[in-house]
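Right, one structure below, let's go through it.
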Amino acid sequence: MFPPHHTPHPPVSDAILGFVDSKGGEGERKEEPGLGVPTMSEGDSIGESVHGKPSVVYRFFSRLGQIYQSWLDKSTPYTAVRWIVTLGLSFIYMIRVYLLQGWYIVTYALGIYHLNLFIAFLSPKVDPSLMEDSDDGPSLPTRQNEEFRPFIRRLPEFKFWHSATKGILVAMACTFFEAFNVPVFWPILVMYFIMLFCITMKRQIKHMIKYRYIPFTHGKRKYKGKEDVGKTFAS
């Protein structure tokens, strides 16, 4: 029993952490009157500190991502320059593998990855085999006098270049680690890759012939109107 006219003190945990009254919304911070100690709500993101501001690490990587995306946007119009740089990186990687005499399994995986990207680059976004029994959605033109519809790729050129370049850089980084140097008889990998490339390209060419499309857009045909041979009379 408490002495008369004496109010018991709240527990220490309630005094430190504070409480949320019945009128407070979900995800809000409440303070204990007189203490000024806020409690963390469930809505706080991981990248925020106690004071509600983004952490230094989060801001650093966010800024780094913005700079990287800005450089990608600036390089978009320079298609030839981008692919020349990628071919140069491929040449450097092949020289490094030749000098080290190893990491053949990494090179084989890189070749398979590039082959899959190339097939996606040559394939239409909407598979014509799925559109045979349906008239919904766009389709590829099959006759010369049909309405012009540009070829829409499953993998656009810029994404193809970006993924191919990243694959080369990752493969080159793997050559610095001995764990990825798996001993293998490399002529078998070369023969298997050539066989896989021929089978895959043969299937892709058959698909193109069957549905009569070319994975390139030559441009829309331009029509010239009749010349006005009438005379203009002044009023």
Side-chain angles (χ1 to χ4, degrees), residues 24-31 37-100 102-127 137-138 150-182 193 197 200 204 215-217:
E26 185 179 357
E28 296 180 349
R29 287 195 178 103
K30 296 297 179 179
E31 297 182 359
V37 181
T39 59
M40 291 294 293
S41 64
E42 296 180 357
D44 292 335
S45 61
I46 301 176
E48 294 183 354
S49 61
V50 179
H51 302 287
K53 297 180 180 180
S55 61
V56 178
V57 178
Y58 177 80
R59 285 183 293 176
F60 172 76
F61 283 103
S62 178
R63 179 57 180 168
L64 194 64
Q66 292 176 358
I67 296 175
Y68 178 72
Q69 187 62 44
S70 176
W71 280 100
L72 285 180
D73 295 339
K74 292 179 180 179
S75 66
T76 303
Y78 307 101
T79 305
V81 177
R82 288 190 281 106
W83 282 105
I84 289 174
V85 172
T86 301
L87 292 177
L89 290 175
S90 301
F91 184 70
I92 294 173
Y93 173 77
M94 297 303 295
I95 291 178
R96 177 171 175 79
V97 172
Y98 175 76
L99 294 178
L100 295 177
W103 286 271
Y104 300 118
I105 195 68
V106 176
T107 307
Y108 173 75
L110 178 63
I112 296 297
Y113 178 65
H114 282 176
L115 179 60
N116 290 331
L117 292 177
F118 184 62
I119 294 299
F121 175 73
L122 296 179
S123 302
K125 186 176 182 179
V126 180
D127 193 351
F151 183 81
I152 303 177
R153 305 180 186 278
R154 185 190 305 173
L155 183 67
E157 180 272 330
F158 184 82
K159 291 185 177 180
F160 177 32
W161 165 80
H162 190 214
S163 300
T165 306
K166 288 193 299 183
I168 296 173
L169 294 177
V170 171
M172 190 173 298
C174 290
T175 59
F176 291 94
F177 300 95
E178 192 65 28
F180 296 102
N181 188 14
V182 180
F193 178 78
F197 177 81
T200 306
Q204 183 66 25
F216 301 100
T217 301

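Quick note: residue numbers are just sequence positions, from 1.
- The minimum heavy-atom distance between T76 and T79, with the atom names listed, is O-OG1, 4.1 Å.
- When all heavy atoms of W103 and C174 are compared, the pair lying nearest together is NE1-O, 3.1 Å.
- The neighbour count for F158 CZ, taken as heavy atoms of other residues, nucleotides or ligands under 6.0 Å away, is above 12.
- Proximity of Y104 to V97: side-chain heavy atoms (C-beta onward) are separated by under 4.5 Å at one or more points.
- Between F121 and F118, the ring planes lie parallel to each other; the angle is under 30°, not in the 30° to 60° tilted range.
- Closest approach of I119 and Q204 over heavy atoms only: CG2-OE1, 3.8 Å.
- Between atom OG of residue S90 and atom CD1 of residue I95 there is a gap of 11.0 Å, rounded to the nearest 0.5 Å.
- The closest donor-acceptor contact from the side chain of S163 to the backbone of K159 lies under 3.5 Å.
- Proximity of T165 to R82: side-chain heavy atoms (C-beta onward) are nowhere separated by under 4.5 Å.
- Rounding to the nearest 0.5 Å gives a distance of 10.0 Å between NE2 of H162 and OG1 of T86.
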In sequence, state the C-alpha distance, the side-chain angles, and the governing distance for W71 and Y68, and then conclude on ring pair (Phe, Tyr, Trp, His ring centres under 6.0 Å).
CA-CA 5 Å; W71 280 100; Y68 178 72; over 10 Å; no

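- Between V106 and Y93, the closest side-chain pair of non-hydrogen atoms falls below 4.5 Å.
- The six-membered or imidazole ring of W83 lies near that of F160, with a centre-to-centre distance under 6.0 Å.
- When every heavy atom of P215 is checked against every heavy atom of L122, the shortest pair comes out as CB-O, 3.5 Å.
- One N or O on the side chain of T175 and one on the backbone of M172 form a donor-acceptor pair closer than 3.5 Å.
- Residues Q66 and Q69 form no side-chain contact, since every pair of their non-hydrogen atoms from C-beta on lies 4.5 Å or further apart.
- For the pair R96 and F176, the cation-pi criterion (under 6.0 Å, within 45° of the ring axis) is fulfilled.
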Would V126 and I152 count as a side chain to side chain contact (heavy atoms under 4.5 Å, CB included) here? Give the steps.
CA-CA 8 Å; V126 180; I152 303 177; over 6 Å; no

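- Side-chain contact check for I112 versus F193: some heavy-atom pair is nearer than 4.5 Å.
- When all heavy atoms are compared, the tightest approach of G167 to Y113 is CA-CE2, 4.2 Å.
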